[in-house]
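Working notes, structure below.
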Amino acid sequence: VLKETLEKRGVLGEIKAWIRAEVFKALDDQSEPRPPLSRENLLINELIREYLEYNKYKYTASVLTSESGQPEVPLDRQFLAKELNIVEDANGKSVPLLYGIISHFLHGGKEESTQNTLPKVSLLNYPKQNLGKPPSERNKKGR
């Protein structure tokens, strides 16, 4: 009964994720130094972390940060966008950069300019009310 109650409340998954993260931290050998992060891996990890935190996958983001050697403090979003040559509009700033990148390539990379910029409407293809929901619950018409 307790398990069913926790599942209905949606906390059982969080508890399992928290336990996994804590087990990983306990098993992680801190005496073995991590290889230095390349610039590309740093940027990729940061895009993934922003996505994970936006979708409230905080334990997964914690494990990523710990395992990859990513700095604890996230990179500034403006810095990240500048490094990736991404130009955002005001609407795009409310969702992770990764959504805009994916949208850009899903729509064939059609751009008005010759720079490596995302189209200003790219992030509007992902309704904000759907992004925090699991994929099975998202309204497919909104895409």
Side-chain angles (χ1 to χ4, degrees), residues 3 5-143:
K3 182 181 175 186
T5 302
L6 292 173
E7 282 178 347
K8 286 179 184 175
R9 291 184 183 171
V11 294
L12 188 59
E14 282 186 39
I15 291 170
K16 287 179 179 179
W18 178 78
I19 290 171
R20 277 188 223 107
E22 290 301 317
V23 167
F24 174 79
K25 285 179 187 176
L27 295 175
D28 190 28
D29 184 6
Q30 295 295 327
S31 65
E32 186 176 322
R34 304 244 182 262
L37 277 175
S38 69
R39 178 175 177 256
E40 291 81 8
N41 282 355
L42 179 74
L43 296 173
I44 290 167
N45 290 345
E46 200 59 43
L47 288 171
I48 294 169
R49 176 172 33 190
E50 182 189 32
Y51 161 81
L52 292 172
E53 290 178 354
Y54 178 84
N55 284 289
K56 299 184 180 22
Y57 302 146
K58 58 185 174 180
Y59 301 113
T60 306
S62 169
V63 171
L64 170 70
T65 302
S66 174
E67 191 172 20
S68 67
Q70 196 79 1
E72 286 293 324
V73 177
L75 295 177
D76 180 67
R77 182 185 170 105
Q78 289 178 325
F79 171 79
L80 193 57
K82 184 178 177 183
E83 286 294 301
L84 297 171
N85 296 316
I86 295 173
V87 176
E88 297 183 280
D89 65 355
N91 292 318
K93 294 181 181 186
S94 63
V95 295
L97 290 168
L98 199 49
Y99 282 110
I101 293 168
I102 296 300
S103 177
H104 174 74
F105 288 104
L106 284 175
H107 294 97
K110 297 174 183 164
E111 305 174 7
E112 291 179 12
S113 71
T114 58
Q115 296 177 343
N116 291 331
T117 61
L118 299 179
K120 288 191 176 187
V121 295
S122 66
L123 297 175
L124 298 176
N125 295 321
Y126 293 92
K128 291 178 194 122
Q129 69 273 13
N130 286 341
L131 289 177
K133 297 178 183 175
S136 60
E137 295 178 21
R138 293 183 186 153
N139 176 359
K140 298 197 190 255
K141 284 190 234 174
R143 290 188 178 175

- prompt: Got a second to check how far Tyr51's OH is from Ile102's CD1, nearest 0.5 Å?
  reply: 10.0 Å

By side chain to side chain contact (heavy atoms under 4.5 Å, CB included) - contacts of Lys82 (at least two apart): none

- request: Considering non-hydrogen atoms only, spot the tightest contact between Leu42 and Pro71 and give its length.
  value: CD1-CD, 3.8 Å

- request: Scan for side chain to side chain donor-acceptor pair (under 3.5 Å) pairs involving residues 10-19, sequence neighbours excluded, and state none if there are none.
  value: none

query: Under 4.5 Å between any side-chain heavy atoms of Leu52 and Pro96, yes or no?
result: no

query: At what distance, to the nearest 0.5 angstrom, does CG of Leu97 lie from CG of Leu84?
result: 7.0 Å

- request: Enumerate the residue pairs fulfilling side chain to side chain donor-acceptor pair (under 3.5 Å) with a member in residues 41-50, sequence neighbours excluded, ordered by first and then second residue.
  value: Asn45-Gln70, Glu46-Arg49, Glu46-Gln70, Arg49-Thr65, Glu50-Arg77

- line: d(Glu22 CD, Ser62 OG) to nearest 0.5 Å is 7.5 Å

- prompt: Who passes salt bridge (Lys or Arg N to Asp or Glu O under 4.0 Å) against Glu83, sequence neighbours left out?
  reply: Arg39

- prompt: Can you check whether Gln78's main-chain N or O pairs, donor with acceptor, with Asp76's side chain at less than 3.5 Å?
  reply: yes

Approximate separation, where rounding is to 0.5 Å, of Asn55 CG and Leu98 CG: 10.0 Å

Under the side chain to side chain contact (heavy atoms under 4.5 Å, CB included) test, residues paired with Leu6 that sit two or more places apart: Leu2, Val11, Leu12, Ile15

message: Test of understanding: with salt bridge (Lys or Arg N to Asp or Glu O under 4.0 Å), list the residues that count as partners of Arg9, not counting sequence neighbours.
response: none

message: What's the separation between atom OG in Ser66 and atom CD in Glu72, rounded to the nearest 0.5 Å?
response: 7.5 Å

task: Measure the CG-CG distance between Leu75 and Leu43 for me, rounded to the nearest 0.5 Å.
output: 7.0 Å

